[in-house]
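Working notes, structure below.
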Amino acid sequence: MDTKDCTILKTLAEENNITYAARRLFMTQPALSERIKKLEKEFNCPIINRQARGVEFTYQGQRLVRYAEDLLNSYTSVRQELLAMGSEPRGTLNLGCSNVFAKYHIPPHILSTFKEAYPHIDIIMYTGLSYKLYHDFLEGRLHAAIIRGAHTWTESKEHIWSEPFCFFNKTPCAVEDLPRLPYIHYQTDPNLQQTIDDWWYSHYSQPPMRTIEVNDIDTCMKLVNQGLGFTILTQSCGNDYPNLFKETLKDLDGHIMTRDTWMYTRNSALESKPVQAFYSFMKTWADTKV
């Protein structure tokens, strides 16, 4: 059992689902299942029980997960301590990043440039809905989090990005037409949903004609592109569909509705060279976007 096995066990315990764990680990499902089988053979005991909606760890498996987490924590602590002894920033950064920002900004514009400047810093990036990542950040599982929406965080934070809300439709339409059109609802985090609901009910007296609900932005935009209805998302969500009709949302005073992205970290985390380097890098990047 090595550190990769420990990471596999920890991730599977967090997801309780082979498919989702394999996706996070950038592995195929068969490869992940085979790795679990080898561990079961090594320790001569069952580790997981497969169920209809995921997996459940056995008593032996739960004990092995605790051991794996302790081993990973010890390994990471020693590795970062030794790497930090050099003059060049080295170590690992656990970063949380919202789905939208990760898809449209992190891969092409940020990580590649950061890795060129700091080749000895390893980044482990977790993506997801902002409110879930913020919870992980508060519980100490992330060194830094780039998430959408403002939170009452009293330590280090930096405004990174702002973009308008838009409604997207296959064909041109007026904002007054929306209550009469089928609505494709993307199930997002509660804070964002509240913002959309506030806008809607400040303009219309009836609820949207909701016909389809999805929990994936790509699926949502594909359905809009097929002409099955309109949706309300932020502007960058339509980057892959330039031919769709879109219009920015405005409040009753005529101001454009926007969604802000912030970077959060702890003051104590900035004592770490990898966190300090990334925080400064992102602050500079944000300043160029103003």
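- Evaluation of the salt bridge (Lys or Arg N to Asp or Glu O under 4.0 Å) test over residues 124-151, restricted to residues two or more places apart or in two chains, returns Asp136-Arg141, Glu139-Arg141, Arg148-Glu163.
- For the atom pair Arg50 CZ and Asn17 CG, the distance stands at 10.5 Å (nearest 0.5 Å).
- Every ring-ring contact (aromatic ring centres under 6.0 Å, His included) that Tyr183 has, sequence neighbours left out, goes to His185, Phe230.
- Ile256 and Ile196 fall into different hydrophobic clusters, where Ile, Leu, Val, Met, Phe, Trp and Tyr side chains are chained together by heavy-atom contacts under 4.5 Å.
- At distances below 3.5 Å, not a single donor-acceptor pair connects side-chain atoms of Thr234 with backbone N or O atoms of Pro164.
- Here the side chains of Met27 and Ile8 are in contact, with some heavy-atom distance below 4.5 Å.
- Here the closest non-hydrogen pair linking Ala269 and Val275 is O-CB, 3.3 Å.
- Considering CZ of Arg66 and CG of Asp70, their distance stands at 9.0 Å, rounded to 0.5 Å.
- From Met263, atom CE reaches atom CD1 of Ile160 across 4.0 Å, with rounding to the nearest 0.5 Å.
- Under 3.5 Å, the side chains of Glu69 and Asn73 contain no donor-acceptor pair of N or O atoms.
- At least one side-chain heavy atom of Ser156 sits under 4.5 Å from a side-chain heavy atom of Leu270.
- Nearest approach of Ile48 to Ile18, heavy atoms of both residues: CD1-CD1, 4.4 Å.
- The CG atom of Asp5 lies 4.5 Å from the CG atom of Leu39; values are rounded to the nearest 0.5 Å.
- Counting only distance, with no hydrogens or angles, the side chain of Thr127 and the backbone of Cys97 share no donor-acceptor pair below 3.5 Å.
- Ile36 is listed as a side-chain neighbour of Glu40, based on a closest heavy-atom distance under 4.5 Å.
- When side chains are defined from C-beta on, Leu9 does not count as touching Cys6, because their heavy atoms never get closer than 4.5 Å.
- With sequence neighbours left out, Lys157 forms a side-chain contact (heavy atoms from CB on, under 4.5 Å) with Trp153, Trp262, Tyr264.
- With sequence neighbours left out, the ring-ring contact (aromatic ring centres under 6.0 Å, His included) criterion links Trp199 to His203, Tyr204.
- Residues Leu181 and Trp200 share a single hydrophobic cluster, defined by chaining ILVMFWY side chains whose heavy atoms lie under 4.5 Å apart.
- Between Cys166 and Phe245 there is no side-chain heavy-atom pair separated by less than 4.5 Å.
- For the pair Arg266 (side chain) and Leu138 (backbone), a donor-acceptor distance under 3.5 Å is present.
- Placement of Leu72 and Leu32 in two distinct hydrophobic clusters is found when ILVMFWY residues are connected by side-chain heavy-atom separations under 4.5 Å, directly or transitively.
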**Stepwise side-chain contact (heavy atoms from CB on, under 4.5 Å) test for Asp218 and Lys103** = CA-CA 10 Å; Asp218 289 335; Lys103 178 175 181 180; 2.2 Å; yes
**Prompt:** Does the side-chain contact (heavy atoms from CB on, under 4.5 Å) test come out yes or no for Leu71 and Thr3, once each step is laid out?
**Reply:** CA-CA 8 Å; Leu71 193 62; Thr3 54; 5.6 Å; no
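- Rounded to the nearest 0.5 angstrom, Ile146 CD1 and Trp161 CH2 are separated by 12.5 Å.
- Residues Lys222 and Tyr241 share a closest heavy-atom pair of CG-OH, 2.9 Å.
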**Message:** Using side-chain contact (heavy atoms from CB on, under 4.5 Å), reason through Asp189 and Tyr134 one step at a time and then give a plain yes or no.
**Reply:** CA-CA 11 Å; Asp189 68 71; Tyr134 187 63; over 6 Å; no
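- Cluster annotation: Trp285 and Leu93 are assigned to the same hydrophobic cluster (Ile/Leu/Val/Met/Phe/Trp/Tyr, side-chain heavy-atom contacts under 4.5 Å, transitive).
- Ring geometry for Phe281 versus Phe278: interplanar angle under 30°, hence parallel rather than tilted (30 to 60°).
- There is no side-chain donor-acceptor pair under 3.5 Å between Arg259 and Ser98.
- Within the 4.5 Å cutoff, side-chain heavy atoms of Leu233 are placed close to those of Tyr186.
- Using a 4.0 Å cut-off between charged nitrogen and carboxylate oxygen, Asp2 and Arg35 count as a salt-bridge pair.
- Tyr131 places none of its side-chain heavy atoms less than 4.5 Å from the side chain of Leu192.
- Annotation for Ile121 and Pro274: closest pair CD1-CA, 3.7 Å, computed over non-hydrogen atoms.
- With salt bridges taken as basic N to acidic carboxylate O contacts below 4.0 Å, none links Lys38 and Glu42.
- For residues 12-58, there are no ring-ring contact (aromatic ring centres under 6.0 Å, His included) pairs, not counting sequence neighbours.
- Atoms CG and NE2, from Leu133 and His135 in turn, are 11.5 Å apart once rounded to the nearest 0.5 Å.
- Counted within 6.0 Å of NZ on Lys37, heavy atoms from surrounding residues, nucleotides or ligands total 12 or fewer; the atom is thus considered open.
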**Prompt:** Stepwise, does the side-chain contact (heavy atoms from CB on, under 4.5 Å) test hold for Asp251 with Met257?
**Reply:** CA-CA 6 Å; Asp251 62 22; Met257 301 275 292; 3.9 Å; yes
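- Side-chain contact annotation: Thr19 with Gln29, donor-acceptor N/O pair under 3.5 Å present.
- Shown are Thr261, Asn99, Ile147; of these, the side-chain contact (heavy atoms from CB on, under 4.5 Å) with Ser130 is made only by Ile147.
- Using a 4.5 Å cut-off between side-chain heavy atoms of Ile, Leu, Val, Met, Phe, Trp and Tyr, with links allowed through other members, Tyr201 and Ile232 fall into the same hydrophobic cluster.
- In this structure, Thr195 and Phe165 have side chains that are in contact, with non-hydrogen atoms separated by less than 4.5 Å.
- Summarising the geometry of Ile184 relative to Cys220, their closest heavy-atom pair is CG2-SG, 3.8 Å, with the distance given to 0.1 Å.
- Pairing each heavy atom of Tyr126 with each of Arg24, the nearest pair is CE2-NH2, 2.9 Å.
- Evaluation of the salt bridge (Lys or Arg N to Asp or Glu O under 4.0 Å) rule for Lys283 yields Asp287 as partners, not counting sequence neighbours.
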